[in-house]
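Below is one structure; the comments refer to it alone.
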Amino acid sequence: LMINALTTWLYGGDPFEPLAFESPLSAIKQRLEDGERYFESLLKVALLENSHRSTVVLEPDPEMNRRLDDEESARLAAARSAMSAADFEAVAENERKLVRIQETPDSPEALATIPVLTLDDLEKENKPIPLEELDAGGVKLLYHDLFTNGIVYLDVSFDLSGVPQELLPYLSLFASGLVKMGTEAEDYVQLSQRIGRETGGVSPSLLIQNKYHSEELVARLVVRAKSTMDKIGEMLAILKDILLTTKYDNPERFKQILMEYKARMESALVPSGHAVVNRRLGAALSMSGWLSEQTQGLDNLFFSRALIDRMGSDWEQIAASFARIREAVVNRETMLINVTLDQENWQQVGGQLDGFVSAIPQREAISAVWTLEDAPDAEGLTIPAQVNYVGKGANLYKLGYQPDGSINVIRKYLGTTYIWEKIRVQGGAYGGFTVYDLHSGVFNFLSYRDPNLLGTLKNYDGTANFLRTLDLAESELVKSIIGTIGDMDAYQLPDAKGFTSMVRYLTGYGEEERQRVREQVLATTEKDFKALAVQLEKLNQTGKIAVLGSAAAIAEANQEAGDFLAVKTIL
């Protein structure tokens, strides 16, 4: 709402105007009812008969960073030659002053002026999401009785463990193809129009996660859909059509999807480099991380590039791969249905699901054998960028750590103190943070748009000593606990609640486990900070490293630190 208000407010308009959408929406509906071709007129004026257009061609220049560096070096050399001894001393004094400001903590008096909650203001119990296990045509159904204002939210999922390893890289393309390739009865355009006309959207995706505190894997194809009550039958018909009759035999259409998919992954390397590094580290540290890398990470980017080259000579085998995936995945035996809807409307829905379920073929569930390859201890992944994304991590469970909610409090504290100050304030990166997966135990340090590399890794390794020697003020501990509870109790819409509950069910993260974590968060003490320091010392010694950044920065780090990074060109 705040962002929407800025669309008018920034330019002197009424900030509340964009929020009151009902009146202009009603006006448009009235014009349509009066027979006006409102949208067609907009398309005609703004697009079809609009002669004002530009064609912009962007061509990558691998020498651009070097030229910019040379220009900057020349400019700095010219400035340096023009400086007197007094000028140098003034610059040095400014730097010393900046360091003093950065390293001096806020005074207790200043901190006391900030309004804060207390631990007594926090709920001691988690708020559970309603969950009832039901049956629909012999398939398990999870039902969440939540008010949805007449919208039914439906998630249909299938286990992926029967997919042969050589077909895993196809899974993301298989999922997106369900709504982008067309079916036996409709081409892509007709299917898209039907989905838009009859539903609120159909979105296939992959759910990949370890079970809670386990090496066991949850890997599922999930198709999420929503509709109004009067469109449930049509929504189910669409789901049946895409799951059973999607045609992957159109090479021209598939190549369009593949090229767009590859371009999206490449264009995300710089703005989302921290996510790329996080996934790359996870691939070496957990089963779910490995599968995520195979299906959505850099390994999948390389696969997609090779697939484009194969299109001309190997299309029949590529198309056959999707047929094999559908046979291995779309199986009533491994099917799970998840519905979020209020009880009154649910009475109208339950009976309609049986027919949909009966159309799904039932086969014996099988499990494929997946073999993980060893990953390098440290990788330097080069892209044409002037900044780096630096990561280091380990699987804390494999280092002996037992899951405890206090780790989230400690991460919250580090994010506003040591990591913030060392990586962002003093290091100059746009961001620095830690991520922790309580299911797999993977704990990663990450930086975002970072001018440093070795210095950042050194600061990561300094975290253990920071925690070990910390003299923690009670007020700072309380603030971190409150912030952690705020994250745990973040607001969710009904569909998100229903999906979250399904994921918790699949991963074994039930209400008892959640409540135990909450109690551990509320009971966090300085002793927990010291205990985590012991685990992070082990991470210092055994952790994996991944850096996505400029070739020059990675080469310089290797020269200084003894070729510790295995270099791989990404772009």
Side-chain angles (χ1 to χ4, degrees), residues 10 58 60-111 113-114 269-271 273-274 277 380-392 414-433 445-463 465-466 469-471 545 547-565 567:
L10 283 174
L58 302 180
D61 181 359
E63 294 298 314
M64 181 176 177
N65 282 345
R66 183 190 58 76
R67 287 200 307 273
L68 291 175
D69 288 342
D70 290 345
E71 291 171 6
E72 183 178 37
S73 296
R75 181 174 60 82
L76 292 174
R80 182 185 183 92
S81 64
M83 291 173 65
S84 66
D87 292 332
F88 280 110
E89 179 55 33
V91 170
E93 177 55 32
N94 277 338
E95 183 183 13
R96 289 191 290 268
K97 182 179 179 181
L98 175 61
V99 171
R100 286 196 300 272
I101 293 172
Q102 291 174 333
E103 294 182 346
T104 301
D106 294 316
S107 68
E109 294 77 16
L111 294 172
T113 64
I114 303 174
L269 289 174
V270 172
H274 60 301
V277 169
L381 310 164
T382 67
I383 57 174
Q386 293 179 286
V387 291
N388 307 302
Y389 303 86
V390 183
K392 183 172 183 177
L414 287 172
T416 58
T417 56
Y418 179 83
I419 295 296
W420 169 267
E421 292 163 2
K422 293 294 185 181
I423 305 302
R424 169 146 188 166
V425 177
Q426 297 176 27
Y430 273 26
F433 34 87
F445 292 97
L446 299 169
S447 68
Y448 182 76
R449 291 185 179 270
D450 193 344
N452 306 304
L453 199 163
L454 293 178
T456 295
L457 292 172
K458 182 179 179 180
N459 283 325
Y460 292 162
D461 287 350
T463 306
N465 184 62
F466 171 79
T469 60
L470 179 65
D471 183 10
I545 294 171
V547 179
L548 180 71
S550 74
I554 289 172
E556 182 179 346
N558 265 344
Q559 184 176 6
E560 184 175 341
D563 291 327
F564 74 110
L565 293 171
V567 181

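If you read the sequence from its start, that first residue is 1, and numbering goes on from there. Keep in mind the model is a prediction, meaning the values are calculated, not measured.
Counting only residues at least two apart or in different chains, salt bridge (Lys or Arg N to Asp or Glu O under 4.0 Å) contacts with residues 78-93 comprise E89-R96, E93-R96, E93-R100. The stretch residues 547-565 participates, sequence neighbours left out, in no side-chain hydrogen bond (donor to acceptor under 3.5 Å, both in side chains) pair at all.
Every residue meeting the side chain to side chain contact (heavy atoms under 4.5 Å, CB included) condition with N465, not counting sequence neighbours, appears here in chain and number order: R468, T469. Taking V387 as the reference, Y389, R449 meet the side chain to side chain contact (heavy atoms under 4.5 Å, CB included) condition, with sequence neighbours excluded. T416 pairs by the side chain to side chain contact (heavy atoms under 4.5 Å, CB included) definition with nothing, not counting sequence neighbours. Legend: residues meeting salt bridge (charged side-chain N to carboxylate O under 4.0 Å, His left out) with K422, ordered by chain and number and at least two apart, are absent.
Results of the side-chain contact (heavy atoms from CB on, under 4.5 Å) test with T456 over D461, V547, D450, N388 single out D450 as the only residue that passes.
Taking OH of Y430 as the reference point, atom OG of S447 lies at 13.5 Å (rounded to 0.5 Å). Rounded to the nearest 0.5 Å, atoms CG (L565) and OG1 (T382) are 11.0 Å apart.
Counting heavy atoms from C-beta outward, K458 and L454 have side chains that stay 4.5 Å or more apart. Q426 has its side chain out of reach of N459: every pair of non-hydrogen atoms, C-beta onward, lies at least 4.5 Å apart.
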Could you go step by step and tell me if L453 and I554 meet the side chain to side chain contact (heavy atoms under 4.5 Å, CB included) rule? CA-CA 8 Å; L453 199 163; I554 289 172; 4.1 Å; yes
May I have the step-by-step check of side chain to side chain contact (heavy atoms under 4.5 Å, CB included) for T463 and I419, ending in yes or no? CA-CA 8 Å; T463 306; I419 295 296; 4.0 Å; yes
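The aromatic rings of F445 and Y460 sit parallel, their planes meeting at an angle under 30°, below the 60° perpendicular limit.
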